[in-house]
Amino acid sequence: KDPSLYLTAVTSDSVHEGEVAGKWLVDTVAGKSCNVVELQGTVGASVATNRKEGFAKGIAGADNVKIIRSQTGDFTRAKGKEVMEAFLKAEGKKINVLYAHNDDMAIGAIQAIEEAGMKPAKDIVIISIDAVKGEIGVDLSDKDLAARRDAWGGSRRTDYASGALWKYAQLVGRAKFGAVTHPGAT
């Protein structure tokens, strides 16, 4: 065998990402009624199909967690905002959670939520995957982040959280739930 013929690919398990996000949600709501809207990735994209499948596995058996709307956001901020505006118009304050298949759509949805007069991570829990850098990223030292966390009464559960949306959740202050991004990075 010729070792020069080997190719290595490092990829994420997108079914697992969705499943961990779903299980986190089930654990977090602890039996309380929870209405979820889902921003799917591009129709036909394997990662979108897999993240949807994984999330469904994660919430399976939790009759209190219901996906009330699900639509493609094509993995873009603009479409994420547009679809979230439609979700808000149709469901309003019935929405407890947004599950976005990537952070770009979540960032667009956050804009829609704020424009509707609601507070992301407080009025609507944000669950997203990818940990992309965006406008909501913050440049705070570990010391500054620790000080903010301590001011909120101690550490928050961060074993599923990383990236820009987690930092955004820290900025919005005391919230019942925070934002989760890239749950596969446990």
Side-chain angles (χ1 to χ4, degrees), residues 17-18 20-22 24-30 32-43 48 51-52 55-56 58-59 62 64-140 145 148-149 152 156-158 160-183:
E17 290 170 343
V20 171
W24 176 87
L25 179 60
V26 170
D27 290 346
T28 300
V29 298
K32 294 179 186 158
S33 179
C34 180
N35 292 323
V36 179
V37 293
E38 177 182 29
L39 282 172
Q40 297 178 39
T42 305
V43 174
R51 288 175 178 170
K52 182 172 183 59
F55 191 76
I59 64 171
N64 58 307
V65 178
K66 297 189 181 348
I67 298 174
I68 59 173
R69 298 272 172 169
S70 184
Q71 186 175 326
T72 183
D74 286 327
F75 288 126
T76 69
R77 290 180 192 191
K79 190 72 171 177
K81 181 180 180 191
E82 176 187 322
V83 174
M84 189 66 197
E85 288 169 342
F87 287 164
L88 289 165
K89 186 175 182 181
E91 302 295 341
K93 295 191 183 244
K94 288 193 266 181
I95 301 169
N96 305 113
V97 174
L98 163 69
Y99 169 51
H101 289 192
N102 83 341
D103 289 349
D104 282 322
M105 292 185 295
I107 290 167
I110 285 169
Q111 293 170 344
I113 293 165
E114 290 175 333
E115 288 173 9
M118 300 172 82
K119 294 183 190 261
K122 183 175 181 185
D123 295 323
I124 298 177
V125 176
I126 310 297
I127 302 176
S128 184
I129 300 172
D130 281 342
V132 300
K133 291 184 178 181
E135 302 91 51
I136 62 172
V138 295
D139 187 19
L140 294 174
L145 288 173
R148 287 181 183 213
R149 181 183 60 233
W152 295 334
R156 296 174 99 177
R157 184 174 169 176
T158 60
Y160 297 105
S162 66
L165 290 178
W166 179 75
K167 288 182 179 180
Y168 179 84
Q170 292 178 334
L171 289 177
V172 298
R174 186 176 299 274
K176 186 172 183 183
F177 304 117
V180 175
T181 182
H182 210 297

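- Partners of Phe87 according to the ring pair (Phe, Tyr, Trp, His ring centres under 6.0 Å) rule, which considers only residues two or more places apart in sequence or in another chain, do not exist here.
- Once rounded to the nearest 0.5 Å, the distance linking CG of Leu39 with CD1 of Ile127 reads 12.0 Å.
- Shortest non-hydrogen contact noted between Leu98 and Ala106 is CD2-CA, 4.4 Å.
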(request) Dump the intermediate steps for side chain to side chain donor-acceptor pair (under 3.5 Å) on Ser128 and Asp103, then the final yes or no. (result) CA-CA 6 Å; Ser128 184; Asp103 289 349; 2.5 Å; yes
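- Every residue two or more places apart in sequence or in another chain that forms a side-chain contact (heavy atoms from CB on, under 4.5 Å) with Ser70 is listed here: Glu38, Gln40, Lys52, Ile67.
- Side chain of Asn96 to backbone of Asn35: a donor-acceptor contact under 3.5 angstrom is found.
- Proximity of a side-chain donor or acceptor of Asn64 to a complementary backbone N or O of Lys32 within less than 3.5 Å is detected.
- Applying the side-chain contact (heavy atoms from CB on, under 4.5 Å) rule to Val26 yields the partners Ile59, Ala62, Val65; only residues at least two apart in sequence or on another chain are considered.
- The SG atom of Cys34 lies 9.0 Å from the CD1 atom of Ile68; values are rounded to the nearest 0.5 Å.
- Taking CD of Glu17 as the reference point, atom CD1 of Ile129 lies at 5.0 Å (rounded to 0.5 Å).
- Residues Val29 and Trp24 form no side-chain contact, since every pair of their non-hydrogen atoms from C-beta on lies 4.5 Å or further apart.
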With a 3.5 Å cut-off and sequence neighbours excluded, list the donor-acceptor pairs that the side chains of residues 79-86 form with protein atoms.
unit_1: Lys79; atom_1: NZ; unit_2: Glu82; atom_2: OE2; d: 3.4
unit_1: Lys81; atom_1: NZ; unit_2: Glu115; atom_2: OE1; d: 3.2
unit_1: Lys81; atom_1: NZ; unit_2: Glu115; atom_2: OE2; d: 3.1

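- Lys93 contributes atom NZ, which lies 10.0 Å from atom CG of Leu88 (distance to the nearest 0.5 angstrom).
- Residues meeting the salt bridge (Lys or Arg N to Asp or Glu O under 4.0 Å) test with Lys66, sequence neighbours left out: none.
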(request) Check step by step if side chain to side chain donor-acceptor pair (under 3.5 Å) holds for Asp74 and Thr76. (result) CA-CA 5 Å; Asp74 286 327; Thr76 69; 5.9 Å; no
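- Sequence neighbours left out, the pairs with a member in residues 95-123 that pass ring-ring contact (aromatic ring centres under 6.0 Å, His included) are Phe55-Tyr99, Tyr99-His101.
- Residue Met105 holds its CE atom at 12.0 Å from CD1 of Ile110, rounded to the nearest 0.5 Å.
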